[in-house]
Amino acid sequence: MNTSFAKQLIHWHLKHGRHDLPWQKNKTAYRVYVSEIMLQQTQVSTVIPYYERFMATFPSVKSLALAPLDEVLALWSGLGYYGRARRLHAAAQQVHQQCRGRFPKTMEGLMALPGIGPSTAAAVLSLTYNQSETILDGNVKRVLARYHAVPGPVESTSTRNILWEYAKKNTPKEDAQIYTQAIMDLGATCCTRTQPNCTVCPFQNNCQAYLLNSIDDFPERAPPKKKNPEHQWELIFLIHDNHILMQQRPLSGIWGGLWHPPQIEDGEGSLHDWLRLHGYTKKDLSKQIKEKSFRHLLSHKTLIMTPHIVLLSQAKKPKGHAWKWVSLPDWQEYGIAKPVERVIKQLLHQSINTRRPI
DNA sequence: AAGCCGGGGGT
DNA sequence: ACCCCAGGCTT
């Protein structure tokens, strides 16, 4: 074990670490666990407001376990990676039903829960119970890759194994709680990705990358994968009698379990589909869709049909099911993806400005 | 091993 | 624009 590394780091953390994060208060396995899931691939500043709302609504494992998934997704909407929310909910139910509401206190026990991998399990155990377990997140990878000038792209398995070994060697038997927080804080506030603040770093005299004057070369990155071309499709916002037509997406894939307005195009989950269910012929539909005029299709009551383009970064078309007219005052109670939320807000705003009832 | 999953912040 | 973020799951 590299005792010196931990001691220096803990000493640094005493003065320069973060001590006021919401999940650092009233530390319980549940509170730390929820924070760790939210923080996966998500920055602290983004998480904080979501975390506060979430914990106010679900203060205990039991309350989360007994809540419907819809409610969990609604609180999660806007945060991204919605699979995290589904697995969080499933894990809470497992803990509630199979562990009498107590989180496992072992790596194996925690990793048996959906959504918990080695890093999250170690974070829960070290931060909550001061167990000597090792994390390897983006911060730790960066710190260690620089400290040891580790060559090779951090995405590769071999480099990751090397970093795991360093990380384990550095983890102290005592004070793992403070150490875990400390190494994340160092990565987040000092050993940052760009423009690291090496002049105040406790490892300035030990960091291989700094001594080689090549901080920017570590961690090495694999060449970027080519991204899917961004595709876009039309979502149609049908608002009728103060309700908006929405459909829920299947649990797998992008925006899993979330709600959004129907797409115009033909196919499963399209507006075509929905209208056909309501007795309109295909010929009717083609004509009216082309003209973007649905006033006579649904009702002669107030109806505003507003097509909007929602841009997604994925090439898959939405497949939805479970059509539902959602009351406009209630739409925020549903899990809605961020781009969709923006359009709905804009629509409501417009209707207020133009003083047109919808 | 590679792909998938989101939205935002920093540069 | 591009990179990255308190990763894990699926294929």
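Each chain gets a letter, A, B and so on, in the order its sequence line appears, and its residues count up from 1.
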At less than 4.0 Å, is any side-chain N or O atom of [X] found next to OP1 or OP2 of [N]? Yes or no.
X        : N     : result
A:Trp255 : B:dG7 : yes
A:Arg221 : C:dC4 : yes
A:Thr157 : B:dA1 : yes
A:Arg342 : B:dG8 : yes
A:Thr46  : C:dC5 : no
A:Gln41  : C:dG7 : yes

Quickly work out the [X] [atom1] to [N] [atom2] distance and round it to whole Å.
X        : N     : atom1 : atom2 : result
A:Arg84  : C:dC9 : CZ    : P     : 13 Å
A:Leu136 : C:dG8 : CG    : C1'   : 14 Å
A:Lys27  : C:dA6 : NZ    : C1'   : 13 Å
A:Tyr81  : B:dC5 : OH    : C1'   : 5 Å

Base, sugar-phosphate or nothing for [X]? Non-hydrogen atoms, less than 4.0 Å.
X        : value
A:Ile116 : sugar-phosphate
A:Arg18  : base
A:Ser35  : nothing
A:Trp76  : nothing
A:Ser119 : sugar-phosphate
A:Gly253 : sugar-phosphate
A:Arg142 : sugar-phosphate
A:Glu341 : nothing
A:Leu21  : base
A:Val44  : base

(message) For A:Leu144, run the side chain to side chain contact (heavy atoms under 4.5 Å, CB included) check against A:Ile162, A:Val154, A:Asn139, A:Asn170 and tell me which one passes.
(response)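 So the option named by the test is A:Asn170.
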(message) Take N1-N3 plus N6-O4 or O6-N4 for Watson-Crick, N1-O2 plus O6-N3 for G-U, both under 3.5 Å. Which runs of 3 or more such pairs involve DNA chain C?
(response)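 Stems (3+ consecutive pairs) listed as B:1-5 with C:7-11, B:7-11 with C:1-5.
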(request) Just compare C:dG8, B:dG6, C:dA6 and give me whichever is closest to any side-chain atom of A:Leu39. (result)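 Of the options given, the side chain of A:Leu39 lies nearest C:dA6.
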(message) In terms of relative ring orientation, are A:Phe203 and A:Phe5 parallel, tilted or perpendicular, with 30° and 60° separating the classes?
(response)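 Geometry flag for A:Phe5 against A:Phe203: parallel rings.
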(message) Students often mix this up, so state it plainly: with edges at 30° and 60°, are the rings of A:Phe54 and A:Trp76 parallel, tilted or perpendicular?
(response)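 Perpendicular: the ring planes of A:Phe54 and A:Trp76 meet at over 60°.
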Using the [atom1] atoms only, state how far [M] lies from [N], rounded to an integer number of Å.
N      : M     : atom1 : answer
C:dC3  : B:dG3 : P     : 16 Å
B:dG10 : C:dA6 : P     : 13 Å
B:dG6  : C:dC4 : C1'   : 13 Å

(message) Please check: side-chain N/O of A:Arg86 versus main-chain N/O of A:Ser252, any donor-acceptor pairing under 3.5 Å?
(response)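 Not a single qualifying donor-acceptor pair exists.
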(request) Could you walk me through whether A:Tyr147 and A:Phe218 pass ring-ring contact (aromatic ring centres under 6.0 Å, His included), step by step? (result) CA-CA 9 Å; A:Tyr147 187 93; A:Phe218 301 93; over 10 Å; no
(message) Assuming nearest nucleotide by heavy-atom distance, tell me which of A:Gly115 and A:Asp137 is located more 5' along DNA chain C.
(response)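 With A:Gly115 and A:Asp137 compared, the 5'-side residue is A:Asp137.
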(message) As a quick check of understanding, evaluate side-chain hydrogen bond (donor to acceptor under 3.5 Å, both in side chains) for A:Thr120 and A:Gln40, giving each step before the final call.
(response) CA-CA 9 Å; A:Thr120 300; A:Gln40 287 173 4; 3.1 Å; yes
(message) Is there, by distance only and without an angle test, a donor paired with an acceptor across the side chain of A:Arg193 and the base of C:dC3 below 3.5 Å?
(response)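 Present.
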